[in-house]
Amino acid sequence: MAKKSMIEREKKRQRLVAKYAAKRAELKELANDESKPFEERFKARLKLAELPRNSSATRLHNRCQLTGRPHAYYRKLKISRIMLRDLGSKGQLPGMVKSSW
């Protein structure tokens, strides 16, 4: 189980990303538009830099939905390898069978 503080920090980042997504996209589009004057694009970049750092989607990290573990994460299932094995052994994942030979 991951530390509660790390899980909560990640949830806070997700909220910030959702809150500033539209504004961030608008400013990025303006900053990268070559048809706009240089000063206008520069001001857009400055406003983009003033936004909270944690509102950037690149700062998000995938975590297991059940344990909060940040490593060995399966995107398709949204769980870690440890929980995948545990749930598979218990027969709680459809189509997954523990191998034995």
Side-chain angles (χ1 to χ4, degrees):
M1 189 75 183
K3 287 170 55 175
K4 293 277 187 197
S5 60
M6 296 303 289
I7 295 170
E8 291 303 317
R9 187 179 301 169
E10 197 65 35
K11 287 179 184 175
K12 180 181 176 185
R13 284 186 183 134
Q14 288 173 348
R15 285 192 303 268
L16 280 172
V17 167
K19 179 179 178 182
Y20 287 99
K23 187 173 188 177
R24 190 171 272 282
E26 179 185 320
L27 288 172
K28 274 188 174 184
E29 187 178 324
L30 185 64
N32 294 329
D33 189 5
E34 293 289 331
S35 65
K36 302 284 184 191
F38 177 76
E39 292 81 18
E40 193 174 333
R41 290 187 290 141
F42 187 72
K43 285 180 184 177
R45 287 193 183 103
L46 287 177
K47 286 182 182 178
L48 194 60
E50 289 174 2
L51 294 178
R53 283 186 174 198
N54 283 334
S55 68
S56 174
T58 58
R59 291 178 71 100
L60 291 177
H61 199 282
N62 293 328
R63 286 186 174 270
C64 175
Q65 297 268 316
L66 304 173
T67 61
R69 180 181 165 85
H71 299 289
Y73 174 84
Y74 288 91
R75 288 183 181 196
K76 191 171 185 177
L77 302 170
K78 298 186 179 181
I79 57 175
S80 67
R81 65 175 176 83
I82 297 168
M83 291 310 295
L84 177 73
R85 181 186 168 131
D86 190 40
L87 293 174
S89 294
K90 292 177 181 174
Q92 295 179 343
L93 287 177
M96 185 168 223
V97 181
K98 183 180 176 191
S99 64
S100 60
W101 57 91

Show every donor-acceptor pair shorter than 3.5 Å between a side-chain atom in residues 75-84 and any protein atom, with sequence neighbours excluded, or say none if there are none.
none

**Between CE on residue Met6 and NE2 on residue His61, distance to nearest 0.5 Å** =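 These two atoms lie 9.0 Å from each other.
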**Item:** Reported CG-to-CZ distance for the pair Asn54 and Arg13, which is rounded to 0.5 angstrom
**Value:**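 Output value for this atom pair is 4.5 Å.
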**Message:** Using the side chain to side chain donor-acceptor pair (under 3.5 Å) criterion, which residues pair with Arg24? Sequence neighbours excluded.
**Reply:**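 Counting only residues at least two positions away or on another chain, Arg24 forms a side chain to side chain donor-acceptor pair (under 3.5 Å) with Ser55.
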Side-chain donor-acceptor pairs under 3.5 Å in residues 35-47, sequence neighbours left out?
from, atom 1, to, atom 2, distance (Å)
Ser35, OG, Asp33, OD1, 2.9
Ser35, OG, Asp33, OD2, 3.2
Arg41, NE, Lys36, O, 3.4
Arg45, NH2, Ala31, O, 3.1

**Message:** My understanding is that only residues two or more places apart in sequence, or in another chain, count here; which of them pass side-chain contact (heavy atoms from CB on, under 4.5 Å) with Lys4?
**Reply:**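 Only Met1 meet the side-chain contact (heavy atoms from CB on, under 4.5 Å) criterion with Lys4.
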**Prompt:** Rest of the hydrophobic cluster containing Leu48 (Ile/Leu/Val/Met/Phe/Trp/Tyr, side-chain heavy atoms under 4.5 Å)?
**Reply:**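 Traced through the cluster, Leu48 reaches Leu16, Tyr20, Leu27, Leu51.
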**Message:** Is it the case that over 12 heavy atoms from other parts of the model lie below 6.0 angstrom from the CD atom of Gln14?
**Reply:**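 Counting neighbours around CD of Gln14, more than 12 heavy atoms of other residues, nucleotides or ligands fall under 6.0 Å, so yes.
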In residues 86-96, what donor-acceptor pairs under 3.5 Å come from side-chain atoms, sequence neighbours left out?
from, atom 1, to, atom 2, distance (Å)
Asp86, OD2, Lys90, NZ, 3.4
Ser89, OG, Arg85, O, 2.9

**Prompt:** Are Lys11 and Glu8 close enough for a salt bridge, meaning some N to O gap below 4.0 Å?
**Reply:**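 Between Glu8 and Lys11 there is a salt bridge, with a charged N closer than 4.0 Å to a carboxylate O.
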